[in-house]
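Order of the sequence lines sets the chain letters (A, B, ...), proteins ahead of strands, with each chain counted from 1.
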Number of protein chains: 2
Amino acid sequence: MATLKDISAELGLSVATVSRALNGFPEVSARTRARVQDVADRIGYKPNRIAQRLVTGRSGMVGFIAKLNADMTADQTFLEILTGLTAALAERDVDLVLSVDQHDDPVTVYERMLERGILDGFILNAPVPNDPRVAFLQARGIPFVMHGQSDPEVHYPFYGIDNRAVSRDAVSLLATLGHRRIALLNGDINFSFAIDREEGFREAVAQEGLNTPEAFIGHETPSESYGYTEALAMLSGRRGAQPTAIVCGSTLIAAGVMRAAKDLGLSVPSDLSLIAHDDALPQFRAVNFDPPLTVTRSPLRDACSPLANHLIDHIAGGEADTLQTQIRAELIVRESTGPVPKGGTDPWP
Amino acid sequence: MATLKDISAELGLSVATVSRALNGFPEVSARTRARVQDVADRIGYKPNRIAQRLVTGRSGMVGFIAKLNADMTADQTFLEILTGLTAALAERDVDLVLSVDQHDDPVTVYERMLERGILDGFILNAPVPNDPRVAFLQARGIPFVMHGQSDPEVHYPFYGIDNRAVSRDAVSLLATLGHRRIALLNGDINFSFAIDREEGFREAVAQEGLNTPEAFIGHETPSESYGYTEALAMLSGRRGAQPTAIVCGSTLIAAGVMRAAKDLGLSVPSDLSLIAHDDALPQFRAVNFDPPLTVTRSPLRDACSPLANHLIDHIAGGEADTLQTQIRAELIVRESTGPVPKGGTDPWP
DNA sequence: ATCGGCATTTAAAACGTTTTGAGTTTTTCG
DNA sequence: CGAAAAACTCAAAACGTTTTAAATGCCGAT
């Protein structure tokens, strides 16, 4: 393995000059830089990252901790995030150290990983309101980036979508189509994203002047079966008034709703309109639904690169407030939404 | 972050002695060692991995590279492995650096990760015959451990099950129950484990003196739909003789077979016996099938700890040949297997 | 009392890099 | 031409650990 010393010896320069030449410092002459570069290329010099890290205090490694659900399965989005993240980090020459959290206390794993002293920062996902990880890491001065926001106003770097707008856009489209009875099958309400979606939903239905009973709003860890059972209960009339449109927190839930509608002999969109939020997971594509789903779309994969860059920039000293990005999910109208069916606008019984 | 110097300053010892005391060198007195250990514990000293690595050449970090399938989804077993692995490695104070491989060439990602020079070794999974990663890593002298075996005789550490025995056990049970027409729906035949299962299957049917047409042996990336379509084709008689028993490469495939049987009005086990290999993924439990599945069982999670330990021991200098473990998957007879139905023993048409 | 031998401890070098502060050469300008 | 400024280069320190080689202290034996 070639070292700086090898180059310096060959050229009769000091290692200091060689180091500067290779790192593009301005005070080294063009001629010297060229000579150094030549030799470096010729003998295939690669800086020893370990040595670099020892002196700079940076390791070029960031941590990601996957949280297992109670049923010991990680959510589906996890792998998608991981894939994009390692690729995006690799672009900037950073490695990802992974751990899977099986504890109850959300911060113990972070603590354990910090003990090693090899991490420059963390990437966090699935924020909850007043997230304890935020307090912990901020208290220790450890840089991190969040996928999403734990709270409306935060002082750390993040990248995420406007979840209130997701619901507002969905409701607004449905209201335009004449729907007056709109239900929401949301994701796990413990997470900030689901809370925001529900708040946005309530805001929007209020603004449209719609009557929305509590029975129209549900939330649970997304699954096909949740969508199925809940939609069956709502659409069969067992719970009173039936919705003419359902907004789903995920395409998985929408699949269940679809099946329920089919079992009840309802067709989409003539009897029931459906909008889902679509993270664009490759396993489960909204366009492949029958009919293709109208969605608020925001590919999870798109978040990876900004997350990686925000974190790396933050580690390099970038101000947290300048590294906050909130984007608007795209509303894509396909064929699962249509005008309210006859009778759908009837006053409440 | 506490360093050796902090401890040495506090006790009035040299850093050399402190280092030796903590690393269990014999020449330090028991009293000194205890004093050092006390202070180290109190101030929460953890050796700086980076500094250790610079001088020893070891980092305490190992790599794992997840391979995406062509459809950009990783197989289901990946997360299970990852979970167990990080836990097992953490036990021995080793971290896992992850990368997701989106390349065609299987070794480029390994090459890229090695360039950084921060990894002590790798954990490999999903071996294929004559695995190029093996050749690559062995040529470079990089330690690794394999989940499974790429070939019948290998010279690297591994942990895995006897896949030939998996098929033999299944066939043997079915033969005992009188079945003469046994089919195999195997996993992706590119992988060594599937090749071994098929070979074991062929050996076993031959030994039992059974007639098994090629149409009885299929293989594909495990999925419910593969099990369904393939079973439908076989059981409907469209392909000629119908099997009275099917051995499935995974519980996922078995689920599809179950659905096909149901659609054809066949009941399990009276009309069709079913055995699956069960990796014991928590999402998909063989006991929850109706009827509960007879399986060859080998929890994936069980592999993690041996894999971690084999690798760490190998890095520490353990001989590859002493770090090879092959276990036998357990045959668990439940209710999806039964005596061959009437007419099932008929000679071939 | 002195020496050898043993147990314990220490100082210092090493790993490969970055960076500080100081030195040396070259250029610029009066 | 000479001095000040600019441009370039260097030696050395630092990062935190392991390890080599040397030193210290203590003991019993000479």
(message) Please report the distance, rounded to the nearest Å, between CZ in B:R49 and P in C:dC15.
(response) 23 Å
(message) Can you tell me which nucleotide in D:dT17, C:dG16, C:dT9 comes closest to the side chain of B:T17?
(response) C:dT9
Would you tabulate the pairs of protein nitrogen or oxygen atoms and nucleotide nitrogen or oxygen atoms of nucleotides 4-8 of chain C closer than 3.5 angstrom?
none

(request) Calculate the interatomic distance between B:M1 atom CE and D:dA14 atom P; express it in whole Å. (result) 22 Å
(message) What's B:G12 touching, base or sugar-phosphate or nothing? Going by heavy atoms closer than 4.0 Å.
(response) sugar-phosphate
(message) Rounded to whole Å, how long is the line connecting atom CG of A:L13 with atom P of C:dT17?
(response) 15 Å
(request) Identify which nucleotide among D:dC10, C:dG16, D:dA21 has an atom closest to any side-chain atom of A:T3, counting heavy atoms from C-beta outward. (result) C:dG16
(request) Mind calculating the distance between CD1 (A:I7) and C1' (D:dT9) to the nearest angstrom? (result) 17 Å
(request) Return no unless some side-chain N or O of B:S19 is found under 4.0 Å from OP1 or OP2 of D:dT18. (result) yes
(request) Ignoring backbone atoms, establish whether B:Q52 has a side-chain N or O less than 4.0 Å from OP1 or OP2 of D:dT18. (result) yes
(request) Ignoring backbone atoms, establish whether B:S14 has a side-chain N or O less than 4.0 Å from OP1 or OP2 of C:dT10. (result) yes
(message) Any donor-acceptor pair, under 3.5 Å, between the side chain of B:R33 and the base of C:dT9, if you only look at N and O atoms?
(response) no
(request) Look at B:N23 and D:dT18 and indicate whether a side-chain polar atom (N or O) is within less than 4.0 Å of OP1 or OP2. (result) yes
(request) With the side chain of A:T56 defined as its heavy atoms from C-beta on, choose the nearest nucleotide among C:dT18, D:dT18, D:dA12. (result) C:dT18
(message) Salt bridge or not between B:D93 and B:R49? Use side-chain N to carboxylate O under 4.0 Å.
(response) yes
(message) Please compare A:A2 and B:R20 by the position of their nearest nucleotide in DNA chain C and report the one closer to 5'.
(response) B:R20
(request) Indicate yes or no: at least one non-hydrogen side-chain atom of B:N125 is less than 4.5 angstrom from one of B:F64. (result) yes
(message) Quick check for you: among C:dT19, C:dA11, C:dC15, whose closest atom lies nearest to any side-chain atom of B:L54?
(response) C:dC15
(request) Give me the one residue out of A:F136, A:F122, A:F144 that meets ring pair (Phe, Tyr, Trp, His ring centres under 6.0 Å) with A:Y110. (result) A:F122
(request) Nearest whole angstrom, please: distance from the P of C:dT10 to the CG of B:L11. (result) 10 Å
(message) In whole Å, I'd like the distance from the CZ atom of A:F25 to the C1' atom of C:dT20.
(response) 11 Å
(message) Please report the distance, rounded to the nearest Å, between CD1 in A:I50 and C1' in D:dT18.
(response) 15 Å
(request) Kindly determine whether A:D120 and A:R53 satisfy salt bridge (Lys or Arg N to Asp or Glu O under 4.0 Å), including the steps that lead there. (result) CA-CA 10 Å; A:D120 293 342; A:R53 286 158 192 191; over 6 Å; no
(message) With a 4.0 Å cut-off on N to O distance, would you call A:D162 and A:R328 a salt bridge?
(response) no
(request) Would you tell me whether A:Y156 and A:S150 have side-chain atoms, one donor and one acceptor, within less than 3.5 Å of each other? (result) yes
(request) Flag the pair B:L119 / A:D95 as yes when at least one side-chain heavy-atom distance between them is below 4.5 Å, and no otherwise. (result) no
(request) Taking the side chain as every heavy atom from C-beta outward, state whether B:P282 and B:E80 have any pair of such atoms under 4.5 Å apart. (result) yes
(request) Let me know the distance between CG of A:L4 and C1' of D:dA13, rounded to the nearest Å. (result) 16 Å
